[in-house]
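In listed order, ligands and their atoms are each counted from 1. If you're wondering where the values come from, they're calculated on a predicted model, not measured in any experiment.
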Amino acid sequence: MAGGRRLLHCLSPACLLLAVTVVVTMPGLAAARTRHYTFNVTMATVTRLCVTKSIPTVNGQFPGPRLVVREGDRLVVNVHNNINNNVTFHWHGVRQLRSAWADGPSYITQCPIRPGQSYTYRFQIVGQRGTLWWHAHFSWLRATLYGPLVILPPAGVPYPFPKPYREVPVMLGEWFNADPEAVIKQALRSGGGPNVSDAYTFNGLPGPTYNCSATDTFKLKVRPGKTYMLRLINAALNDELFFGVGNHTLTVVQADASYVKPFAAATVVISPGQTMDVLLTTSASMPASPAFAMAISPYTNTVGTFDNTTATAVLEYAPQRAASLRGIPTPSLPAYNDTGAVTNFTSKFRSLASAAYPARVPRAVDRSFFFAVGLGTDPCKGRPNGTTCQGPNGTARFAASMNNVSFAMPRTTSLLAAHYQRRYAGVLAANFPATPPRTFNYTGAPPNNTFVSHGTRVVPLRFNASVEVVLQDTSILAAESHPLHLHGYDFFVVGTGFGNYDAGKDPARYNLVDPVQRNTISVPTGGWVAIRFVADNPGAWIMHCHFDVHLSWGLAMAWLVNDGPLPDQKLPPPPSDLPKC
Ligand code: C2O
């Protein structure tokens, strides 16, 4: 891969010769291509649950177009914003090595693409293969603006498991009868929790468990005795999901575009932002009943309301057709608050850690951080007219924070532009706290004062620093699991536990051999998780809860990773069409 990367930055004949040699001798790289896509963001009319409405789409499709590329490919995505709203796109999980300008979170790596404007995202897929996805990264627009990003291995490189007969992206989503933008605007005005979704969806279809929805059912036609790979993506806004298939066992082989040691599971758990490739082998002969339900239902410990529905899709053995979907074998999914089932599942993930796919876990740590993650409140006093306080007890407003800092998006520039120009004043403060401002029993009785502070505070990191972050859930307003997503990196999940992290005891139990590598990990409810990564990618990288409601409440922070000394360790200048704020 290093050879491929060097191509970008070498101009001398000797260097080019070397690079060409490297390309020719490395299988896969020779096939690296540039893939061009056009995203026309347009409103389209869609009907679900007998509600017809106009939703933002890419090219009129919902869910959006499927991008299928190979590891090593370069992507060029021309985005034209034809809707009456700002938009940006994020390529969730793509490392964006020295292409931070293409990462996409609004106000972090770019200003939004305004109505009528365009921006071209250019990046390369390096050292990743499996399933990722793309989604809008402005407000809650990702409710309908999302699609799969399938990364095949380089040509001629096999999977480390038998090649599946078919591969099928299965995007799990959340449908709102209302306009999701109105839902979050209303919540931010009232200070209360947002209205919950009306249905869960499989590839945009809610299926027969909802009123007026039986014709909108995702159906996967299969043949007996074959292995299918389901590329699961949780694109829901605010819900972790259980997934299972009636009478069929699943084998997990990949998570967040990294291979894992295969393991079997009847039920999987997938958090918003996460992806997971699972193998499903159909029964050797035609089963008595040709159809089986695939089902999803929420996992949550919230004390607030949530969408407590189950969506189903159908696995149907061709060429038969089920006479009726009533009474077909359905997976028995765990209860919505079954944390034991979740822990049992998540504890099974291990990196492949093979010669071909080594786990380069940082052994030593240069910078250690301890972030308390959770909800909090804002006082009612001093709010502008028209805002109310329908948060906790009707006396405050909901907020969320890391180390008690509720992240405030910059508005006049992006963090990355400020960083590139070294113009920090008035935009950000490089003083995000490494530990909580006051210690308390994070998972015990919450403190009396739950007010958060607000700010655009970041952690600067030297290039190649090896970083450990312990993410500790708090029980403020309710212990709840938080799917934390780090942009620009995959991290290793070296440890996890319930209760308060113990710096004296817990590190001794870390897995530094084959921990799973991910871009999104759920901080367990009332527990903690420790992650490690090497800051080898210069830029401004947001780390945030992938529940959009918590992100809207400020559950985020950002890292500023400085350039390294070598030419290929520096952030290139911004593209000329980078949108202005
Ligand atoms: Cu999938 Cu910051 O997002």
Side-chain angles (χ1 to χ4, degrees), residues 39 58 63-64 67 77 86-96 99-113 121 123 128 130-149 151 169 171-174 180 184 231-241 255-257 270-276 373 400 402 407-410 414-416 456 458 469 471 482-491 518-523 531 533 537 539-561:
F39 275 22
V58 169
L67 311 190
V77 187
N86 286 341
V87 77
T88 68
F89 286 93
H90 170 51
W91 320 92
H92 181 115
V94 173
R95 290 243 16 226
Q96 299 291 5
S99 52
W101 302 108
D103 190 42
S106 52
Y107 302 110
I108 306 298
T109 60
Q110 67 169 102
C111 297
I113 310 170
Y121 293 85
F123 55 94
Q128 300 182 284
T131 306
L132 292 174
W133 60 301
W134 56 265
H135 62 78
H137 212 300
F138 181 89
S139 187
W140 280 22
L141 287 188
R142 74 176 181 86
T144 59
L145 291 172
Y146 63 83
L149 171 51
I151 307 167
M171 301 206 76
L172 312 175
E174 221 169 341
I184 182 55
R231 297 177 176 273
L232 301 177
I233 298 164
N234 187 342
L237 287 193
N238 297 317
D239 291 272
E240 301 185 280
L241 295 168
D256 295 2
I270 185 164
S271 301
Q274 291 184 330
T275 58
M276 206 177 285
V373 171
M402 297 173 84
F407 187 78
M409 294 283 173
S414 69
L415 285 189
L416 189 60
T456 310
V458 305
V469 191
L471 299 158
H482 296 279
L484 260 288
H485 171 46
L486 173 59
H487 284 229
Y489 291 90
D490 287 333
F491 49 74
R518 307 205 69 138
N519 61 57
T520 306
I521 187 71
S522 277
V523 181
I531 63 172
F533 63 96
N537 190 13
W541 306 107
I542 187 171
M543 184 165 84
H544 64 88
C545 183
H546 218 282
F547 289 152
D548 267 18
V549 55
H550 293 175
L551 176 57
S552 298
W553 288 342
L555 215 173
M557 56 78 66
W559 309 92
L560 289 192
V561 179

Contact flag His90/atom 2 (Cu) of ligand 1, N/O/S atoms, threshold under 2.8 Å = no
ask   = Can the ring centres of His550 and His544 be said to be less than 6.0 Å apart?
value = no
request  = Taking atom 2 (Cu) of ligand 1 as the vertex, measure the angle between atom NE2 in His137 and atom NE2 in His487; round to 10°.
outcome  = 110°
inquiry  = Tell me which N, O or S atom from His92 is the closest to atom 1 (Cu) of ligand 1.
reply    = ND1
request  = Report yes if the distance between the aromatic ring centroids of Trp134 and Phe39 is under 6.0 Å, otherwise no.
outcome  = yes
request  = Return yes when at least one N/O/S atom of His135 is nearer than 2.8 Å to atom 1 (Cu) of ligand 1, and no when none is.
outcome  = yes
remark   = Closest non-hydrogen atoms of Ala102 and Tyr121, given as atom of the first, atom of the second and distance, are O-CD2, 3.2 Å
key: Glu240 vs Phe547, side-chain contact (heavy atoms from CB on, under 4.5 Å): CA-CA, chis, key distance, verdict   = CA-CA 9 Å; Glu240 301 185 280; Phe547 289 152; 3.8 Å; yes
